[in-house]
Amino acid sequence: MTTQTSAPQAPTTAAGDYATRYAASLMNTFGPPKLVLTRGEGPYVWDVDGRRHLDLLGGIAVNALGHAHPALVEAVSAQLGTLGHISNFFTSAPQVELAETLLRLLGQPEHGRVFFANSGAEANEAAFKLTRRTGRTHLVAAEGAFHGRTTGALALTSKEAYRAPFEPLPGHVTFVPYGDVEALAAAVTDETAAIVLEPIQGEAGVVVAPSGYLAAARRIADEHGSLLWLDEIQSGAGRTGSWFAHQHPALGEPVVPDVVTLAKSLGGGVPIGAIIGVGRAASLLEPGNHGTTFGGNPLACAAGLAVLRTIEDDGLLARAAELGERLRAGLAADPRVVEVRGLGLLIGLDLVSDAAPAVVAAAQDAGFIVNATGPRRIRLAPPYVLADDDVATFLAAWPGILDAAEV
Ligand SMILES: *Cc1c(COP(=O)(O)O)cnc(C)c1O
């Protein structure tokens, strides 16, 4: 038997060089990066070795307009060249206009109020604090839920592997099976501050709430004087083909939530989070209760406005719905796919075998970026600006990707 004694080979590719430097300079929280990316355009990104990839993950449901969209680039560049950051001692037109736009899209132009943060977890953290202002502390969340990695958001996240290293977390949270109305009714009491639900559980693998579940949650919350808080961080900003997933007809009769949290696609790649309070929830956070240095700055709000305006002007809601239908039908056509879920461009599927990581790798080899949310679960959250040809190219490659991954 021979023993390898020579030093590890020096990396020869640019990607290898960055991988080595990454490992030597960044904390190992995400595992080794799969690619080193240098630029993007539309739904495509290019890696440091010059290869083009069709980005069907969109920065995890963030790049609604794809990469380097002219409207977003122009809005952000112009804003930064005019006024980038001012603190919340002051306000700016983009901040007020984005808040007004969100309230209009939610259908609450008069009874809602917005607080801007910088990320999803931060928006949820603000909402968590808002619920405490009811004078109650009990929260009911769902099994499979993901609400973020800060301690408050983590307290509402059910995954044991994420929680265990950081316990004790802020407390008094009951988890119930997602979609089970009876279990929800049994868990909510007159001590419950809020029910928090994702209309579509994204990180769980794109699990859509059964039709009528949100309406039932609304009734249960009302019976006990609790708030209904919908986490639309992944599902909102047009991704499902509706501005908010809870407005999508597939989820049943319309509900008016008390609290909605948003982030991801809202900024199209510029960090922003938002919490919208409706009715009494609009004024539970009082002067001094909460704050942020960066949240609501003109730069991030100009980005949010550019994203929402472009979706509106270019008819991208209808486009997201249509592209999603086509992708789901095409993916489901292969017998090695046992279930396809989702609405619009938030898509999850289950494979017949535990081959999801191999499918991600095979897709990447073939020039497509997708993501695994479990051993046999694949998620797609592509930009709304995909072309028909992009969808056709991916669907044509799909059976070969499953072959290569030996699904
Ligand atoms: C991504 C996500 C979060 C956390 O957002 P971050 O910006 O990563 O902090 C919270 N809730 C849901 C539903 C998410 O998908």
Side-chain angles (χ1 to χ4, degrees), residues 27 29-30 57-64 115-131 139-159 162-163 166 169-170 173 175 178-179 194-209 213-214 217 228-240 242 244-246 248 251 257 259-276 292 294-296 300 303-304 307 341-348 371-374 377 379-382:
M27 287 190 192
T29 54
F30 301 104
L57 183 59
I60 316 185
V62 167
N63 296 299
F115 178 92
F116 288 113
N118 307 290
S119 68
E122 262 189 62
N124 281 344
E125 205 66 38
F128 190 116
K129 285 179 69 179
L130 182 153
T131 68
L139 295 167
V140 177
E143 290 169 8
F146 181 84
H147 296 295
R149 305 295 203 122
T150 58
T151 49
L154 194 53
L156 298 164
T157 294
S158 76
K159 195 168 173 173
Y162 291 172
R163 302 170 57 89
F166 304 102
L169 294 164
V173 181
F175 290 98
Y178 186 66
I195 302 169
V196 50
L197 294 170
E198 294 160 89
I200 301 176
Q201 289 191 324
E203 297 305 301
V206 189
V207 178
V208 183
Y213 181 56
L214 297 184
L228 177 63
W229 159 13
L230 299 181
D231 179 345
E232 294 246 26
I233 287 165
Q234 187 156 165
S235 60
R239 180 153 295 280
T240 61
S242 297
F244 297 87
H246 74 264
H248 196 291
L251 294 194
V259 177
V260 180
T261 44
L262 285 172
K264 293 204 166 95
S265 288
L266 178 59
V270 175
I272 187 168
I275 162 170
I276 311 174
T292 166
F294 294 121
V307 168
R341 297 174 299 273
L343 295 171
L345 289 175
L346 188 52
I347 299 172
N371 160 248
T373 55
R377 294 204 146 169
R379 170 177 52 181
L380 271 56

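Whatever order the structure lists them in is the order used to number ligands and atoms, beginning at 1.
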Participant: Using side-chain heavy atoms (C-beta onward) and a distance below 4.5 Å, is P199 in contact with L214?
Facilitator: yes

Participant: Looking at N124, which atoms of ligand 1 are within less than 4.0 Å of one of its heavy atoms?
Facilitator: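 Contacts of ligand 1 toward N124, numbered from 1: 10 (C), 11 (N).
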
Participant: Before signing off on this row, confirm whether K264 and ligand 1 have an N or O atom pair separated by under 3.5 Å.
Facilitator: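 Yes; at least one N/O pair falls below 3.5 Å.
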
Participant: Should you measure from each heavy atom of E198, which atoms of ligand 1 turn up under 4.0 Å away?
Facilitator: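 In order of number, 13 (C).
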
Participant: Quick test: of every protein heavy atom, which one is nearest to atom 4 (C) of ligand 1, and how far off is it to 0.1 Å?
Facilitator: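 In this structure, atom 4 (C) of ligand 1 has A121 N, 3.7 Å as its nearest protein heavy atom.
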
Participant: May I ask you to check if ligand 1 and E122 share an N or O to N or O distance below 3.5 Å?
Facilitator: no

Participant: Evaluate the side-chain proximity of I200 to V206: yes if any heavy-atom separation is below 4.5 Å, no if none is.
Facilitator: yes

Participant: Got a sec, which residues hit ring-ring contact (aromatic ring centres under 6.0 Å, His included) with Y178, two or more places apart in sequence or on another chain?
Facilitator: Y213

Participant: Give the atom numbers and elements of ligand 1 that come within less than 4.0 Å of a heavy atom of D231.
Facilitator: 10 (C), 11 (N), 12 (C), 13 (C)

Participant: Within a strict 4.5 Å, meaning less than it, do heavy atoms of the K264 and I60 side chains meet?
Facilitator: yes

Participant: Between A263 and ligand 1, does any nitrogen or oxygen pair lie at a separation below 3.5 Å?
Facilitator: no

Participant: Below the 3.5 angstrom mark, is there an N/O of Q234, backbone or side chain, next to an N/O of ligand 1?
Facilitator: yes

Participant: List the closest protein heavy-atom neighbour of atom 5 (O) of ligand 1: residue, atom name, distance to the nearest 0.1 Å.
Facilitator: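 So the nearest neighbour among protein heavy atoms is G120 CA, 3.3 Å.
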
Participant: What about G148: any of its N or O atoms under 3.5 Å from an N or O on ligand 1?
Facilitator: no

Participant: Can you tell me which residue among I275, T261, V260 is in a side-chain contact (heavy atoms from CB on, under 4.5 Å) with W229?
Facilitator: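 The residue from I275, T261, V260 that satisfies side-chain contact (heavy atoms from CB on, under 4.5 Å) with W229 turns out to be T261.
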
Participant: Is the shortest side-chain heavy-atom distance between V208 and L343 below 4.5 Å?
Facilitator: yes

Participant: Quick check against the 3.5 Å criterion: does T157 have a side-chain atom that pairs as donor or acceptor with the backbone of H147?
Facilitator: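 Yes.
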
Participant: If you measure every N or O of I233 against every N or O of ligand 1, does any of those distances drop under 3.5 Å?
Facilitator: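 There is no such contact.
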
Participant: Atom 15 (O) of ligand 1: protein heavy atom closer than 4.0 Å?
Facilitator: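 When distances to the protein are checked, atom 15 (O) of ligand 1 has a heavy atom within 4.0 Å.
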
Participant: Do any N or O atoms from the side chain of R239 and from the backbone of L345 form a donor-acceptor pair under 3.5 angstrom?
Facilitator: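 Pair found, side chain donor or acceptor close to backbone of L345.
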
